[in-house]
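Contents: one structure, followed by commentary.
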Protein chains: 2
Amino acid sequence: MSPRMGLTGERVTMAAAELADEDGFANVTVSALARRLGVKDASLYSHVRNLRDLRVRVGVLATEEISDRIAPAVAGLSGHRALAAFATAIRGYARDHPGRYAATQLRVEPEEWGDSPGPRRAGELTLALLRGYDLEEPDATDAVRLLRSTVYGFIDIELTEGFAHPRELDASWERILLALHHTFTDWKNHESTD
Amino acid sequence: MSPRMGLTGERVTMAAAELADEDGFANVTVSALARRLGVKDASLYSHVRNLRDLRVRVGVLATEEISDRIAPAVAGLSGHRALAAFATAIRGYARDHPGRYAATQLRVEPEEWGDSPGPRRAGELTLALLRGYDLEEPDATDAVRLLRSTVYGFIDIELTEGFAHPRELDASWERILLALHHTFTDWKNHESTD
DNA sequence: CCACTAACCTAAGAGCTCTAGGTTTCCTGG
DNA sequence: CCAGGAAACCTAGAGCTCTTAGGTTAGTGG
């Protein structure tokens, strides 16, 4: 309404994040965002390189926000409690901000991060969690992959409602985290079997 | 080149699947497909309802093909061997046909399946595999979810090259499947712990 | 050989991304 | 206080996309 509304890179990114949560990440589009901001499409290109850049910004923002939830959630915890807090923080974020979370799945090269420490922090938090299980390489790497795959896969399927059965998702979630915990705990005892 | 090249719904779907594998599922587009087939965009709308329909067809086709790989792979196997054969059949398909596999992740309502038994068969094969671990409900449901989440998550991350560390992915894969096997085997012993 | 079905076309509207270049607002320093 | 420049915002337009409406032409059964 005002002749200048003072848009900036950050403000545009925030608006894109809100748009993502409301209408889905696939609908984060230059023109949709321009409409929402009451501005012409071309005006956004002063703040954002292109569509890809806009989406990456949302993804980086989401990664930062997830790290900001994980860190306090796991503080002072260990073992199963830490694992559950870690994974549930991510899941809670995905529920609260499905569009932002979806942006997280973009493959984004380190040089695209800009100056954000978000993505690196997320990796460090994962490593720190697994350190509690006393795994040496290469087991730690495998464990990180298992954790990421499981949490990522569960949330993604949950968000797209791909789980057909009616059993409470929360119960499945708890059960799966427990299984992960036991897997990490007993990692060394399972070296080779059939 | 010929005045009529005899396109049909199936032929269009196959061409779309090939396009998906070559250029990525995101590039499965009406106009790209028309270009590849040497036909005008509008001509495809006699064979396909719209873009969504085109993509769903690729997804359903992929689900059928995956089931066709799983069934013979697990035939006659049980326990860890069956689990590994099951999961590796899916992973192999995803590597051979990344675009088709990506189409699998579309959320598609049963009424969109058309007359294909593919999606139902895939569910049945999963259930059959888990039956070998002698789990009663609701454990079986949880186990199916864990299996789906893990396999789905690992493959997805692998395809988008999101694994930063250099350790062989194959070794991680074997290790993760082994962990899953033990989880299913010991499911009942892990009922509640901390 | 004729009629019908289905394959394929042209034409066109509407939405999207992105560039080039112009105008207006706002802040800053002299 | 007001000049000047940076930055916010604009118009215009090219080129791609999906999709519909309606017309033309090729193959097939009677």
Side-chain angles (χ1 to χ4, degrees), chain A residues 1-60 99 102-103 106-109 112 114-115, chain B residues 1-60 99 102-103 106-109 112 114-115:
Chain A
M1 293 302 152
S2 43
R4 287 288 184 283
M5 63 174 356
L7 285 188
T8 173
E10 282 188 19
R11 241 185 283 264
V12 167
T13 302
M14 279 306 293
E18 289 164 14
L19 175 61
D21 288 337
E22 289 172 24
D23 294 3
F25 184 62
N27 293 349
V28 171
T29 201
V30 174
S31 48
L33 186 58
R35 258 192 308 274
R36 157 182 282 250
L37 290 171
V39 146
K40 296 298 175 182
D41 293 16
S43 306
L44 293 182
Y45 286 85
S46 327
H47 307 289
V48 147
R49 220 189 317 267
N50 51 32
L51 175 61
R52 160 83 184 175
D53 180 40
L54 177 65
R55 290 182 168 166
V56 166
R57 280 163 185 261
V58 176
V60 170
L106 285 176
R107 166 149 180 58
V108 30
E109 303 290 341
E112 281 182 295
D115 53 356
Chain B
M1 293 308 148
S2 44
R4 286 287 185 284
M5 64 176 351
L7 285 188
T8 171
E10 282 188 19
R11 242 184 283 263
V12 167
T13 303
M14 279 306 293
E18 290 164 12
L19 176 61
D21 288 336
E22 289 171 24
D23 294 3
F25 184 62
N27 293 347
V28 171
T29 201
V30 174
S31 47
L33 187 58
R35 258 192 309 274
R36 157 181 282 252
L37 290 170
V39 147
K40 297 296 174 186
D41 293 14
S43 305
L44 292 181
Y45 285 84
S46 326
H47 307 290
V48 147
R49 220 189 316 268
N50 50 33
L51 175 62
R52 160 83 186 174
D53 180 41
L54 177 65
R55 291 182 166 166
V56 166
R57 281 165 185 259
V58 175
V60 171
L106 286 176
R107 165 150 179 58
V108 30
E109 304 290 340
E112 280 182 294
D115 53 356

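Keep in mind that what you see is a predicted model, and the values were worked out from it rather than measured. By convention in this document, chain letters (A, B, ...) are assigned in the order of the sequence lines, proteins followed by strands, and residues within each chain are numbered from 1.
Listed by first and then second residue, the salt bridge (charged side-chain N to carboxylate O under 4.0 Å, His left out) pairs involving residues 22-31 of chain A are A:Glu22-A:Arg36 (not counting sequence neighbours). For the side chain to side chain donor-acceptor pair (under 3.5 Å) condition, the pairs that include at least one residue of residues 46-59 of chain B, sequence neighbours left out, are B:Arg52-B:Glu112, B:Asp53-B:Arg57.
When rounded to the nearest whole Å, the span between OH of B:Tyr45 and P of C:dA12 equals 19 Å. Taking atom CG of B:Leu44 as the reference point, atom P of D:dT17 lies 13 Å away to the nearest angstrom. Rounding to whole angstrom units, CG of residue A:Leu54 and P of C:dC16 are separated by 14 Å. Here the P atom of nucleotide D:dC18 and the CG atom of B:Asp53 are 14 Å apart, to the nearest Å. The separation between A:Arg11 atom CZ and D:dC9 atom C1' is 15 Å, rounded to whole Å.
Contacts of A:Arg35 with the nucleic acid, taken as non-hydrogen atoms under 4.0 Å apart, involve only primed sugar atoms and P, OP1 or OP2.
Residues from residues 16-29 of chain A with heavy atoms under 4.0 angstrom of DNA chain D: there are none.
Separating the OH atom in A:Tyr45 from the CG atom in A:Leu51 is a distance of 6.5 Å, to the nearest 0.5 Å.
Between A:Thr8 and D:dA8 there is no side-chain polar atom (N or O) within less than 4.0 angstrom of OP1 or OP2.
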Please list, for nucleotides 10-14 of chain D, all pairs of protein and nucleotide N/O atoms separated by less than 3.5 Å.
unit_1	atom_1	unit_2	atom_2	d
D:dC10	OP2	A:Lys40	N	2.9
D:dC10	OP2	A:Ser43	OG	2.6

List, with names and distances, any nitrogen or oxygen atoms from the protein found under 3.5 Å away from nitrogen or oxygen atoms belonging to nucleotides 5-7 of chain D.
none

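Residues passing the side-chain contact (heavy atoms from CB on, under 4.5 Å) test with A:Ala42, sequence neighbours excluded: none. For B:Ala20, the side-chain contact (heavy atoms from CB on, under 4.5 Å) partners at least two apart in sequence or on another chain are B:Phe25, B:Val28. Applying the side-chain contact (heavy atoms from CB on, under 4.5 Å) test to B:Ala34 and every residue at least two apart in sequence or in another chain returns B:Asp41, B:Leu44.
Considering only heavy atoms from C-beta on, A:Leu7 comes within 4.5 Å of A:Val39 through its side chain.
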